Colleague: 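Encoded as structure tokens, here's the structure I'll be asking about.
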2 protein chains.
Amino acid sequence: MASIKDVAAEAGVSVATVSRVLNDHPSVSAEARARVLAAVETLGYRPNAVARSLRTDQTHTLGLVISDVMNPYFTELARSVEEEARALGYSVIIGNADERPDLQDHHVRNLLDRRIDGLLVSPTDGGSPLMLDAVRAGTPMVFVDRWIPGVDVPVVRADGRAAVRDLVAHLHGLGHRRLAIIAGPAATTTGQERVEAFREALGAYGLELPDAYIGQGDFQAESGRLVTEGFLDLAEPPQVVFAADNLMALGALDAVRARGLRVPDDLALAAFDDVRWFVHTDPPITAIAQPTGELGRAAVRALVDRIEGRPGESVTLPARLVVRRSCGENPTPVQRSTT
Amino acid sequence: MASIKDVAAEAGVSVATVSRVLNDHPSVSAEARARVLAAVETLGYRPNAVARSLRTDQTHTLGLVISDVMNPYFTELARSVEEEARALGYSVIIGNADERPDLQDHHVRNLLDRRIDGLLVSPTDGGSPLMLDAVRAGTPMVFVDRWIPGVDVPVVRADGRAAVRDLVAHLHGLGHRRLAIIAGPAATTTGQERVEAFREALGAYGLELPDAYIGQGDFQAESGRLVTEGFLDLAEPPQVVFAADNLMALGALDAVRARGLRVPDDLALAAFDDVRWFVHTDPPITAIAQPTGELGRAAVRALVDRIEGRPGESVTLPARLVVRRSCGENPTPVQRSTT
DNA sequence: TCCGTCGGTGTAATCGATTCCACGAGCACA
DNA sequence: TGTGCTCGTGGAATCGATTACACCGACGGA
């Protein structure tokens, strides 16, 4: 592969001049510029990004560590992150933590070793020493979707409180009184928050959220299935299950199907995160939709701001309820997801 | 951030010795090794991967350019690729081409500039000059799922011919005679092959595949919807639609729903690619399942073989039919996906 | 005519690693 | 005792870029 020296030789100039042309520095004669460009063309030269990064201490690369690539929510997030980053002249390296703190650390370390310019993280846990060190060392960082409390890093996320209140209103209106939740890991902020929001919303109707109706999941489908089985085995099973993410809702659906029961007649179901497939499931699933694309883009903007020396602010966007048929026949007009 | 020089100073040895310890070169005294390790610890030193890559001309990184991240098939592929690569000591940088040749080229160029050790591609088109140049220049490469004919690069893919024959047998057994296909882009091998396999399988039953029953899609949901609308508008609409990927099947479902029709009564539906959600759609969708995880792993092994100077062979694995209810009531026992 | 300025250019240092080569000490063997 | 190893080590070149600095010629103004 041709290097800058080869180009310089071919064009009959010094490497400095070649470099100047490539970075369009003003003081280069039109003559020299033309010769360099011609040489670049004939040699098919492409600058070595590795060498450039070593010298400039910039990689123009963002690291994105997400909790689970197989989760359509994070896939969509990753996609919007990459798009916005590309528009701003950055590439993205994605690390998939699979909800495992050790894997998350592996990727963070790897990305840091590669000297990425900034890190976008949706933490799987409360923050490993490695991550905390990285923050302390001044690595530009932004949390997206989930965050680590007590750490001074901008957070870009959706606030689901209002939407959860709307959901509970909807459920209460349909006559449901025994409402259960499949929670995410307590080590994640979204895991905790969604339970809290749910409990609070129930409180407004004088309803309790007993411990037996809080199932501990891990944001993966299998845990949703297990928790739902547990609910169905209770002496007094809940009338509704609210899954804290779309995969656990899928698992809940599995559990209901496996017993030959029907949604919503035997058990109503709602989910946090709206995904495309929810329109086509049997029945279509009522869900809380996050402005995923907007979150990804805002996160990138905040991170790039930090990298380039600007403040870089936290952003909170509202989520909204999308009513379908999985909680019972619908007294209000059906809203459709615009995704 | 501490560099190797700082470590050398701290340990009271030369940078050469530090480097030897880090790459556990044999001829280092136990004494020196201990001092270096201690210095590494106290400084929290991590080798700069950028500098290392520049010197060794190896990045221990694989590039993966896939056609569409939002497609669960490719997501699963990406996941298995990353897993196997990690096991072999490589990282993966994913580029999402979104079925757009220009974006594909953008990512290939970017990856090449970063001097990745090898490239895994599922080409969106028949091969741009850039890609062809890369092959000619000797970049280790492997095609996965789709490939570019006439190029000497190993191909790792699933063969769906037998499964398509099984599908047609199943459909014929249910009494369907007017069968249509939503094809993928003709510029992709999978786009062409699936049509060919379908036509061939129909031939075995003396059935034709008229042009009116070949809808041109682009592997995205929206095209599946449009093509299906077209089919439904025909004077003699087909009885079955076979979508060449899972997203176009989703689009077809949209079209059928929008007209207030039912699957399979008004129109039967089958798809290439089995995804988790197909179990839960209304009705569950009959599909051809690829051994996606195995494909990803085999592709990585082939690529790493090439990189490390071993041959690196093509692999073809069989796909298989998974019968569900979307083509009509099932005369044979239901098979379940094991994914 | 002379001096200062400025545009265009090249030389060389630099980034942080790896690795070739040389060198000195210690040891075995003749 | 001298020769020739091996072992451990450091010095310095190198990878491919960027960029500070020096230099040279042309040109304008006094």
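The sequence lines fix the lettering, A, B, ..., with proteins before strands; numbering per chain opens at 1. Computed from a predicted model, the values in this text were never measured in an experiment.
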Colleague: Would you mind reading off the distance between A:L54 atom CG and C:dT18 atom P, rounded to a whole angstrom?
Modeller: 12 Å
Colleague: Of the candidate nucleotides C:dG10, D:dT18, C:dT18, which contains the atom at the shortest distance from the side chain of A:S14?
Modeller: C:dG10
Colleague: Counting only N and O atoms by type, is there a donor-acceptor contact under 3.5 Å from the side chain of B:D105 to the main-chain atoms of B:D102?
Modeller: no
Colleague: Given atom CD of A:Q58 and atom P of D:dT18, what is their separation to the nearest angstrom?
Modeller: 11 Å
Colleague: Apply the side-chain hydrogen bond (donor to acceptor under 3.5 Å, both in side chains) test between B:Y73 and each candidate in B:D145, B:D245, B:D68; give the one that qualifies.
Modeller: B:D145
Colleague: Less than 4.0 angstrom from a charged side-chain N to a carboxylate O is my criterion; do B:D98 and A:R79 meet it?
Modeller: yes
Colleague: After noting the C-alpha distance and the side-chain angles of A:E313 and A:R301, does the key distance pass the salt bridge (charged side-chain N to carboxylate O under 4.0 Å, His left out) rule?
Modeller: CA-CA 9 Å; A:E313 294 162 356; A:R301 282 194 296 265; over 6 Å; no
Colleague: Rounded to whole angstroms, how far apart are CE on A:M1 and C1' on D:dA17?
Modeller: 15 Å
Colleague: Select base, sugar-phosphate, or nothing to describe what A:V13 touches, counting heavy atoms under 4.0 Å on all strands.
Modeller: sugar-phosphate
Colleague: Rounded to whole Å, please give me the gap between CZ in A:R55 and P in D:dC15.
Modeller: 17 Å
Colleague: Just the rounded figure in Å: distance from C1' of D:dT9 to CZ of B:R35.
Modeller: 12 Å
Colleague: Taking only the side-chain nitrogens and oxygens of B:N23, find out if one of them lies under 4.0 Å from OP1 or OP2 of C:dT18.
Modeller: yes
Colleague: Roughly, in whole Å, what's the span from CG in A:D57 to P in D:dA17?
Modeller: 18 Å
Colleague: Between N or O atoms, less than 3.5 Å apart, protein on one side and nucleotides 4-8 of chain C on the other: list the pairs.
Modeller:
none

Colleague: Which nucleotide wins on minimum distance to the side chain of A:S19, given the candidates D:dT18, D:dA17, C:dT19?
Modeller: D:dT18
Colleague: Kindly say whether, by distance alone, the side chain of B:R20 makes a donor-acceptor pair under 3.5 Å with the base of D:dG10?
Modeller: yes
Colleague: Looking at B:R100 and A:E83, is there a salt bridge between them, counting it only when a charged N and a carboxylate O are closer than 4.0 Å?
Modeller: no
Colleague: Please confirm whether the backbone N or O of B:S122 pairs with a side-chain atom of B:S67, one donor and one acceptor, at under 3.5 Å?
Modeller: yes
Colleague: In whole angstrom, give the distance that lies between atom CZ of B:R52 and atom P of C:dT18.
Modeller: 5 Å
Colleague: Taking the side chain as every heavy atom from C-beta outward, state whether A:T292 and A:S80 have any pair of such atoms under 4.5 Å apart.
Modeller: no
Colleague: Establish, with yes or no, whether the OP1 or OP2 oxygen of C:dG10 is under 4.0 angstrom from a side-chain nitrogen or oxygen of A:T17.
Modeller: yes
Colleague: What nucleotide, of D:dT9, D:dG16, D:dC15, holds the atom closest to the side chain of A:A51?
Modeller: D:dG16
Colleague: What's the CG-P distance between A:D6 and D:dG16, to the nearest Å?
Modeller: 8 Å
